[in-house]
Amino acid sequence: MAKARKIPHTFVIIGSVLLLCGILTWIIPAGEFDHQTVSVNGAERDVIVAESYHKVESSPQTWQVLGAIVDGFRRQAAIIAFVLVIGGAFQILNSSRAIDFGIRSFLKKVHKHWLIIVATMVIFSVFGAVFGMSEETIAFIIIFIPLAISMGYDSITGVLMVYVAAHIGFSGAVFNPFTIGIAQGLSGLPLFSGFEYRMFVWVVLTLLIIGFTLWYANRVKKNPQSSPTYRLDEYWRKREEESATMEFESKTPVSAWVIFILTAIILAAVSVLYPKTTVTLGGREFTFVCIPIVSALYVVAGIITLRKSYLYYILGVLAFTIVFLVVGVLGYDWYVKEISALFLGMGIVSGVAMGSSANKIAVEFIGGAKDILSAALIVGLAGGIIEVLTAGKVMDTILYALANTMSGTSQGGTVSIMYGIQTVLNLFIPSGTAKAALTMPIMAPFSDVIGLSRQATVMAYQFGDGFTNMITPTSAVLMGVLGVARIPYDVWFKWFWKILLVFMLIGLLLLMPTVYMNLNGF
C-alpha cells in the first residue's frame, strides 16, 4: 500500500515561498517606477508615475532572506500585536465560560440553525462591502467557531460564516473607502459611482457563498467525519462537551458592580467629549448622537444583567464591545491599535466582573497569547516575503511586465488581463490600498487608450484584490484567522482552492457586462 504523501507544515510552505522570492531577485531584472504624492479623497497617497519605469542596479538577496523575517515582523507588527492581544483578551473572557453559557442559552431558544448561518453571513458580508471589514474578523472567529461546533458543524463552517462572508463582501464592495474609494479617486471617477451594478454584484456573490455554506454545513452535520478538520476540531468539541455538562453560577460578585460603575463613569466622560458622531457612507455624511445613546443603553443593560448573574453582564460587555467597534471604525477611523485597546479593555472588565484577582487575569492573558503565538509567528514570516521582493527591487519589474501584457488586446481581453494582473499581484501585495496606489495610475490611463471604461478597470482591481485574499499565504489576516481557528494553512488551501477558482470565474463573468453593456456609471 502506497504511503500517503505528507503535506508540508505551514511554516515550511511559507519558508519555501520566501526562499523562492529570494531566488527570483537573482533572475528578474531590477527596476523601479518613479513615485509622487497625490491627494485622494482628502488623504495623501504615494502613487506610481506612468511611463516612468527604468532599470536600476540589481540587488540580489542572499543572507538578507533570513533577515527579511525580522523586517516582516516589523512590517506586520500591528497585526501580530493585535492577534496576541485578541488571544489574551478572549482567554480572560473564556475563563468565565460566559460565551459557552451564552451559546447554550441561545441554541435552546433558536432551533433553526440555517437561519443563524444566513443572518450571520449577511451581516459580515455587509460589513465587508461597506467599510472593508478584514482584520476585525480575527476577533469574531473565537466567538463563531464554538457556535458552529455547538450546532453540529465544524471549524471551517465558522470561518465561512465570518471571515469568508466578510471577504466576499469585500470582493463585491459597494462603499468600501479603502479599496473602491481610493481606486476611483486615483482614476478620476466620482466617489462610489457605479453603485447600482456593484450592488447587484454584491447580492450575487453573497447569495452564492451563503448557498454553498448551507450545503457544506448540512453535509458535515450528516457526516461529521467528511470534514477536512474533523480530527483537528477535537479541541473545540472537547470544549463544547465540557460546556454541555457544566453548571453555571447565578451570582454577581461585588467586583462586578464596581467595574460596572467605573466603566459607566468612563463612558459618561467619553459621551461629554464626543456628543456627536459623524459616519461617512457612500460619500455621504451622517451626524447623530451615537456614543451617549450607546453608553446609556450600556448602563441600563448593565443594571438588568447584573441583577441576574455576572455571566449575563459579561455577555453584555461583549455585545457592547462589538457595537463600539462598529462605531469606532465607521465614525472615528479606528484600526488595529484602537481595536486592540477595546478588546483588551473587554478582557480586563470580564476578568474583574467574575471576581478574578489581578494575578489570575494576567496569567489568563499570557496563556491566551501563548496559545495564539504560532499564528502571530506565521503572520510575521509571511510579511518577510514582501520585504524580499521589495529589497530585491523586483516588485516594480513584475508590475511593469504584467502591465505590458495588455498591449494589443480587445476590450474584453484587456479587462480580463487586468483582473489576472490584480489577482497575481495580490499574492505579493495583500494590501488593497497599496495595490490601488501602485496599479491604478498605470491601468486607468491605459483603459482610455483602448476605449475601456475606467469603472471597469476599477472593478477588475476590486475582484483581483478581493478573492485571493482568502488563500494567499502573505495575507496577515488569513494567517491570523486560521491560527485562531486552529486550521493549518495546508488543510485550508487543499479544501478551499476549488471554491476560490469558482468565485474567480464568476468574477470574470461579472466583469463582462461592464465592457459590453451600457451600465449606469460605467
Side-chain angles (χ1 to χ4, degrees), residues 21 24-25 27-61 71 75 176-194 385-409 411 413-466 474:
C21 290
L24 290 178
T25 64
I27 299 173
I28 299 176
E32 290 180 346
F33 283 101
D34 292 332
H35 290 247
Q36 64 180 355
T37 301
V38 299
S39 179
V40 182
N41 303 327
E44 298 296 318
R45 301 290 177 189
D46 181 64
V47 302
I48 282 176
V49 178
E51 307 295 333
S52 67
Y53 176 80
H54 57 279
K55 292 183 178 181
V56 297
E57 185 178 351
S58 179
S59 181
Q61 303 292 286
D71 293 329
R75 171 186 284 267
N176 186 352
F178 306 109
T179 55
I180 301 302
I182 292 174
Q184 288 185 328
L186 291 170
S187 301
L189 296 169
L191 196 62
F192 304 120
S193 54
I385 295 173
I386 303 170
E387 290 294 333
V388 168
L389 293 173
T390 303
K393 299 181 180 180
V394 298
M395 184 72 79
D396 284 2
T397 301
I398 294 173
L399 176 61
Y400 177 70
L402 291 174
N404 282 341
T405 61
M406 295 185 292
S407 300
T409 58
Q411 291 181 351
T414 299
V415 77
S416 301
I417 292 173
M418 286 181 174
Y419 178 32
I421 290 172
Q422 298 288 2
T423 298
V424 172
L425 285 178
N426 204 43
L427 300 175
F428 306 103
I429 314 172
S431 169
T433 301
K435 193 155 53 271
L438 287 172
T439 61
M440 297 316 296
I442 295 175
M443 294 189 178
F446 183 83
S447 64
D448 293 340
V449 174
I450 64 167
L452 180 67
S453 165
R454 289 193 173 197
Q455 203 74 261
T457 303
V458 171
M459 183 154 276
Y461 150 77
Q462 176 180 338
F463 288 162
D465 172 60
T474 54

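As the structure is a computational prediction, the values presented were derived from the model and not from experiment. Just so you know, residue 1 is the first one in the sequence shown, and it goes up from there.
Put simply, CD1 on Ile385 and SG on Cys21 are 5.5 Å apart, with the number rounded to the nearest 0.5 Å. Note that CG of Leu24 and CG of Leu389 are 7.0 Å apart. Values are rounded to the nearest 0.5 Å. Residue Ser58 holds its OG atom at 11.0 Å from CD1 of Ile27, rounded to the nearest 0.5 Å. Atom CD in Gln462 sits 11.0 Å away from atom CD in Gln422 (nearest 0.5 Å).
Contact record, Ala183 with Val458: CB-CG1, 3.9 Å, taken as the closest heavy-atom pair. Looking at every heavy atom in both residues, Val394 comes nearest to Thr25 through CG1-CA, 4.0 Å. Pairing each heavy atom of Glu387 with each of Arg75, the nearest pair is OE2-NE, 2.7 Å. Residues Pro190 and Gln184 approach most closely at O-OE1, 3.4 Å, considering heavy atoms.
Listed by chain and number, the residues in a ring pair (Phe, Tyr, Trp, His ring centres under 6.0 Å) with Phe463 are Phe467 (sequence neighbours excluded). In terms of the ring pair (Phe, Tyr, Trp, His ring centres under 6.0 Å) criterion, residue partners of Tyr53 (sequence neighbours excluded) are, by chain and number, Phe33, Tyr400. Qualifying side-chain hydrogen bond (donor to acceptor under 3.5 Å, both in side chains) partners for Thr474, counting only residues two or more places apart in sequence or in other chains: Thr472. Shown here are the salt bridge (charged side-chain N to carboxylate O under 4.0 Å, His left out) partners of Asp396, two or more places apart in sequence or in another chain: there are none. Under the side-chain contact (heavy atoms from CB on, under 4.5 Å) criterion, Val49 pairs with Asp34, Gln36, Ser52, sequence neighbours left out. Ser416 meets the side-chain contact (heavy atoms from CB on, under 4.5 Å) test with Leu508, Met512; sequence neighbours excluded. Every residue meeting the side-chain contact (heavy atoms from CB on, under 4.5 Å) condition with Ser453, not counting sequence neighbours, appears here in chain and number order: Gln455, Ala456, Phe522. Residues satisfying the side-chain contact (heavy atoms from CB on, under 4.5 Å) criterion with Thr179, sequence neighbours excluded, are Phe170, Ala173, Asn176, Tyr461, Asp465.
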- Query: Is there a side chain to side chain contact (heavy atoms under 4.5 Å, CB included) between Met440 and Leu189 once you walk through the steps?
  - Reply: CA-CA 12 Å; Met440 297 316 296; Leu189 296 169; over 6 Å; no

- Query: Under the side chain to side chain contact (heavy atoms under 4.5 Å, CB included) criterion, do Ser59 and Gln61 qualify, and how do the steps go?
  - Reply: CA-CA 6 Å; Ser59 181; Gln61 303 292 286; 3.6 Å; yes

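Counting only distance, with no hydrogens or angles, the side chain of Ser447 and the backbone of Thr457 share no donor-acceptor pair below 3.5 Å.
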